[in-house]
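Below is one structure; the comments refer to it alone.
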Number of protein chains: 4
Amino acid sequence: MNETRQKIISATEHLLFSHGLARVTTREIARAAGVTEGLIYHHFRDKAELIHEVVELRMAEVKNVLGSLPLQVGLRTLSENLAQILYTLYHSHYQIMPVFISTFADHELRARAREILDERKGGPEWDIQAMALYIAAEQRLGRVAANVNSRAAAELLHKIGIQMAMMDRWMELDPDRAVVKKEIRDCVQTIMAGLEPRGESRRVKTARKQA
Amino acid sequence: MNETRQKIISATEHLLFSHGLARVTTREIARAAGVTEGLIYHHFRDKAELIHEVVELRMAEVKNVLGSLPLQVGLRTLSENLAQILYTLYHSHYQIMPVFISTFADHELRARAREILDERKGGPEWDIQAMALYIAAEQRLGRVAANVNSRAAAELLHKIGIQMAMMDRWMELDPDRAVVKKEIRDCVQTIMAGLEPRGESRRVKTARKQA
Amino acid sequence: MNETRQKIISATEHLLFSHGLARVTTREIARAAGVTEGLIYHHFRDKAELIHEVVELRMAEVKNVLGSLPLQVGLRTLSENLAQILYTLYHSHYQIMPVFISTFADHELRARAREILDERKGGPEWDIQAMALYIAAEQRLGRVAANVNSRAAAELLHKIGIQMAMMDRWMELDPDRAVVKKEIRDCVQTIMAGLEPRGESRRVKTARKQA
Amino acid sequence: MNETRQKIISATEHLLFSHGLARVTTREIARAAGVTEGLIYHHFRDKAELIHEVVELRMAEVKNVLGSLPLQVGLRTLSENLAQILYTLYHSHYQIMPVFISTFADHELRARAREILDERKGGPEWDIQAMALYIAAEQRLGRVAANVNSRAAAELLHKIGIQMAMMDRWMELDPDRAVVKKEIRDCVQTIMAGLEPRGESRRVKTARKQA
DNA sequence: AATGAATGAGCTTTCATTCAT
DNA sequence: GATGAATGAAAGCTCATTCAT
């Protein structure tokens, strides 16, 4: 059955992680999967199809990362919840980052990856939506300022989560190192408080009614 | 002389932009540069050295992007200044993104790129520092809240700027499309205002004296 | 039983017709025959044996093409009979031409095909013989000139019939196009009349006593 | 210069002669030409281009085979001239037969070969024309019967010449064996005399005014 | 008898690199 | 400095064939 397929796909993905798309040869895949090169072509039309499948599997997995988050609206502190959101985003994107980066090496592959994300009810858009809804809910409870654009805030968090993952991959840092939590907390605090002075100092700053 | 070197390097970088590291062959480089393949090896020890040089040049260029920004502390609105900062970060990273992404394909190349950034007085760290200093200055003028961690805020902006660039590359979107400005404005506004409710509602929110 | 054998052989021959020996793979044969590749090896030792069998079958079929012709000695016109002979030769050779041509691609296959033709009481030799006998019979009736070498005439017709078939295959022309009949008629007429002038003009031509 | 090209082309053609298109691998070509496989691709875009070139060269060579024949109209015996024509056709076609046969293995190759023959002022059509003109000239001298269709006679000879070459290739017979001359003489004699009875016997045969 | 996963040799092709000129 | 023919290793892929089920 498709145990062999799975072995090949896993081996490929693993190589994608460690070598980068350019260096992944069918020979290496075969060796890593413990099969012959010919067998790869028995299960996949060509190398492209295999890579596509790897990308598809991983990309589809991004689906609704935040769906599993028990975001208790109105419960715990907002900061705690946002930190949890960011951490989840960060961790999941750390996982798919090699596959995601691989799609940069190939035009067609990238287009395909985009399609996959578009088709699925899931993917980044869905995560952003989930966050925006959460923020709006907190807004109704008065835990988030009324003038906040929940959608914009969600996109902000999304960008930050991905970027942290990408940088840690680039720096080849462990995703579980202690500093990450601290970094996320600092980030959340900044977003929570905002840059604008509060209270009396408000008069000082330049008006930005329409900004 | 090094006119030829330059031609070869430019051609290589251009191919990196359009094809990705995997697809860049010496033959294509030679053709694009209008020289023979053999000549490449008169100017560079091997292909790796050439690629390294391309990466080195572009990476070194990341240096002090914000140095060119006339960030007038205390002048114009803070929002306007932040928007300008973000836009500059976004644009410059959009330019180097292909080279940056290329470094993911090769372990050694990536390590080298990191070294380059570390060595130079310039690079991301410097931009972050510049932003942090700017924010701190505004803070002293009372245009930024006193409790803001200027360093954390700078890192936040940095992440957002890079991530916007990466996503637009991935989506193959034009970096000058009108929507970008709007996106940046929304983002700045959110960061400025923060998520926390202001005024009386402040009592409602959880204390975060030490958070 | 040998229903499967037959399916495989038919499929192979069909592919030989349309692709040429070089392009006929076991995979394609299996697909065309609606069986699995493995099954082919239950019925034939190897691919060579299968091809051999196809060639054998078709070659054996060449047998006695003219035997089916109701060549009525002394009846109808001689030209009509010759045209019919040529047409039959042409048509039958058009059918086997792909298999025949295939034998050029493989030394051993060709040798085998020759053996087959030799073994059978049938094959080209038999057709030539049949024609020679027919011509000799007409000769006795005075419908063919007494000085004609019936064997040589038969070989002549044989060559022409095959060559027409080969050329039409090479030109990828339909064997039933109207022009064929006209071509055959012209050919027969030339053979019938001969090139030598007749009657008084005979004196003019150079003597060919020994030619 | 193109000495290498020539070596490769020659080697390829030689292999085409001995193995058939199907069995000609780039590896063997390289070995036979005394070069590396890679070099083949330095001189030819791909294997197809190489084969095309071989076919083109040989096919173009068919050009005007009879042009070199000093066919002395009115001189020597007609039979001698026709025998010489047939022998020349036979010999030249014996040479190109392997390449010609190769074109059967590949649809595109065959189409290309046809184009080559069409384009050139030369090729079979030209030979046929030359023969037809020769026959017509003899006709005017009264050495060929007035009612002979010179074009049809030329086509007849053409077919016979090619077919003899093909059969000898198929039988793997030497093109210079003594029997060939005898075969050609018999053939010419038959064509010269025609099958129809001459003189008084002419009344016996069926009328063929319109045949 | 039939399947189809699995094999391994060999094919065409690419590509970084060298070297005589 | 510059050329481009030449190399050789390795890439992606095909295909006849085997074998456990």
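Only this structure's heavy atoms are used, side chains among them; waters, hydrogens and symmetry mates stay out. Throughout, protein chains are lettered first and strands after them, A, B, ... in sequence-line order, and every chain is numbered starting at 1.
Taking 4.5 Å as the limit, every side-chain heavy atom of B:His93 sits out of range of all side-chain heavy atoms of B:Asp168. In this structure the side chain of B:Glu172 reaches within 4.5 angstrom of the side chain of A:His107, judged on heavy atoms.
Here F:dT18 presents its P atom at 10 Å from CZ of C:Arg45, a figure rounded to the nearest Å. With rounding to whole Å, B:Ile8 atom CD1 is found 11 Å from F:dG1 atom C1'. C:Leu15 has its CG atom 12 Å from the P atom of F:dC15, to the nearest Å. For the pair D:Asp46 CG and E:dC11 P, the interatomic distance rounds to 17 Å; values are reported in whole Å. Put simply, CD on D:Glu49 is 14 Å from C1' on E:dT13, counting in whole angstrom units. In this structure, the CG atom of D:Leu21 is 14 Å from the C1' atom of E:dT12, given to the nearest Å. Spacing between atom CZ of C:Phe44 and atom P of F:dT18 amounts to 15 Å, rounded to whole angstrom units. One can place CD1 of C:Ile51 at 14 Å from P of F:dC15, the figure rounded to the nearest angstrom.
OP1 and OP2 of E:dA1 both lie 4.0 Å or more from every side-chain N or O belonging to C:Thr4. A close approach under 4.0 Å does occur between a side-chain nitrogen or oxygen of D:Thr26 and OP1 or OP2 of E:dT12. The shortest distance between the side-chain N/O atoms of B:His43 and the OP1/OP2 oxygens of F:dA2 is below 4.0 Å.
Side-chain atoms of B:Arg110 do not come within 3.5 Å of backbone N or O of B:Ala105 as any donor-acceptor pair. Within the 3.5 Å criterion, the main-chain N or O of D:Pro98 finds no donor-acceptor partner in the side chain of D:Arg169.
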Exercise for the section: For DNA chain E, just give me the dot-bracket, please: Watson-Crick or G-U, both distances below 3.5 Å, ( ) intra-strand, [ ] crossing earlier pairs, | paired with another strand, . unpaired. Expected result: .||||||||||||||||||||
Handout entry: side-chain contact (heavy atoms from CB on, under 4.5 Å) between A:Asp106 and A:Ile51, intermediate numbers included
Key = CA-CA 11 Å; A:Asp106 187 86; A:Ile51 299 289; over 6 Å; no
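Evaluation of atom-type donor-acceptor distances gives a pair under 3.5 Å for the side chain of C:His42 against the base of E:dA2.
Side-chain proximity of D:Thr25 to F:dC15, E:dT12, E:dT17: nearest is E:dT12.
C:His14 NE2: 12 or fewer foreign heavy atoms inside a 6.0 Å radius. Within a 6.0 Å radius of CD in B:Glu108, other residues, nucleotides and ligands contribute 12 heavy atoms or fewer.
C:Trp170 CH2 to C:Met97 CE: the interatomic distance, rounded to the nearest 0.5 Å, is 14.0 Å.
When each of B:Thr12, B:Leu50, B:Val99 is paired with B:Val55, the side-chain contact (heavy atoms from CB on, under 4.5 Å) condition holds for B:Val99 and for no other.
Of the residues in residues 27-41 of chain A, those placing a heavy atom less than 4.0 Å from an atom of DNA chain E are A:Thr36, A:Gly38, A:Leu39, in numerical order.
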